[in-house]
Amino acid sequence: MGGSHPCRLQTMWKQPLSDDSYADTVRRVELLASFGAELLRFAVPDIETAQLLCKLQGEVSIPLVADIHFDHTLALACLENVPKIRINPGNIGSEEKIREVVEKAAAKGAAIRVGVNAGSLPRKMRGEIDIALAMLHAAEEELEILERVGFGNVLFSLKSSDIKTTVRANELFAERYDYPLHLGVTEAGPPIQGVVKNTAALVPLLEKGIGSTIRVSLSGACEDELIAGREIIAAAGLGSRGVNIVSCPRCGRAGFDVHGFIERAQGRLLALDTPITVAIMGCVVNGPEEARHADVGITGSGRKALIFRSGAIVRRVDDGEAETAFFEEVEKLCRERKGQR
Ligand code: SF4
């Protein structure tokens with residue numbers, strides 16, 4: 001992360017990590033990876049979770065991050081096998097404990113994220129009028145500790161639930177320091193509100209080159225956080241991963257169940273890693289034109305569905321066969337593109 005590396009997408013596991021559901025957890029981590037997760041953070045409240053997380057890291061394909069508060073022994077346990085921890089030196093106590101953690105992180109080549117949150121600023125900074133500045137000062141206090149103990153493999157996050165405060169705090173930090181930043185609007189709310197807030201805050205920052213990783217925090221599913229994160233990275237012009245979906249909002253002219261089709265097809269499309277554009281359109285008014293501009297398109301036409309490949313109609317099928325035929329074309333195209341690569 002950081003430097004000239006691409007912006008990395010992450011999400012956070014939303015349940016306690018448990019032995020009982022371990023096999024399901026391994027499967028679900030891989031599913032999240034297929035949705036674009038490049039890092040996955042877990043809360044680590046006790047030693048059992050720390051041990052389980054180390055085991056899990058050995059069995060999944062993406063790096064895991066341990067989120068720890070107060071107890072440095074949990075950090076030491078996680079650093080056995082986890083390549084990144086989120087911990088604030090200021091809340092784990094004596095300098096001796098901090099040294100123990102950073103020495104182990106250095107020996108293992110692990111990174112540390114320091115997270116400053118507007119909702120949990122140090123007591124002496126609460127009540128400050130300029131919250132963004134107070135967040136910067138809180139980050140600087142943590143940085144001072146890490147610099148004193150000689151640890152530099154660190155990144156920072158400065159998060160607020162307020163859009164402008166998040167933007168300004170990160171701008172202030174980026175003006176002064178070169179450390180990579182993890183971006184996000186914290187406690188952003190349910191999916192629609194949360195996506196809007198994160199888009200409004202993160203796109204301008206990413207466009208200015210600020211931000212090495214992002215997480216869209218939603219009161220919703222990890223998959224939604226990842227879909228939103230991918231769109232935000234693409235909207236900031238930092239490349240797109242996988243499938244771009246163009247679809248009509250649907251109106252009274254639709255001769256084809258666009259919404260139902262998208263609901264069924266979305267997960268399968270977003271798990272594809274070939275960068276293609278698909279258009280899913282309801283009728284012959286705008287449908288054929290949009291579908292023509294996409295790599296693969298489908299549009300309703302009476303009781304039939306037309307399927308396009310790069311502008312040409314390649315199939316006319318009945319409603320009931322539309323999904324199968326569409327995915328046959330999508331998969332054929334992905335195979336061709338992979339062959340070309
Ligand atoms: S493509 Fe057709 S069905 Fe969809 S919104 Fe446009 S006019 Fe309506």
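We count ligands from 1, going down the list as the structure has it; atoms in each ligand are counted the same way.
In terms of protein heavy-atom proximity, atom 4 (Fe) of ligand 1 is nearest to C248 SG, 2.5 Å. Looking only at heavy atoms of the protein, atom 2 (Fe) of ligand 1 is closest to C283 SG, 2.2 Å. When hydrogens are left out, the protein atom nearest atom 5 (S) of ligand 1 is R250 N, 3.7 Å; that is the closest non-hydrogen contact. In terms of protein heavy-atom proximity, atom 6 (Fe) of ligand 1 is nearest to N286 ND2, 3.2 Å. In terms of protein heavy-atom proximity, atom 8 (Fe) of ligand 1 is nearest to C251 SG, 2.4 Å.
At a cut-off of 3.5 Å, with distance as the only test, no side-chain donor of S160 or D162 sits close to an acceptor on the other residue. Between the side chains of N117 and S120, no donor N or O sits under 3.5 Å from an acceptor N or O. A donor-acceptor contact closer than 3.5 angstrom is absent between the side chains of R8 and S212.
Using a 30° and 60° split on the angle between ring planes, F326 and F261 fall in the perpendicular class, above 60°.
Applying the 4.0 Å criterion to heavy atoms of A254 picks out, from ligand 1, the atoms 3 (S).
E331 has no carboxylate O lying under 4.0 Å from a charged side-chain N of R335, or vice versa, which leaves the two without a salt bridge.
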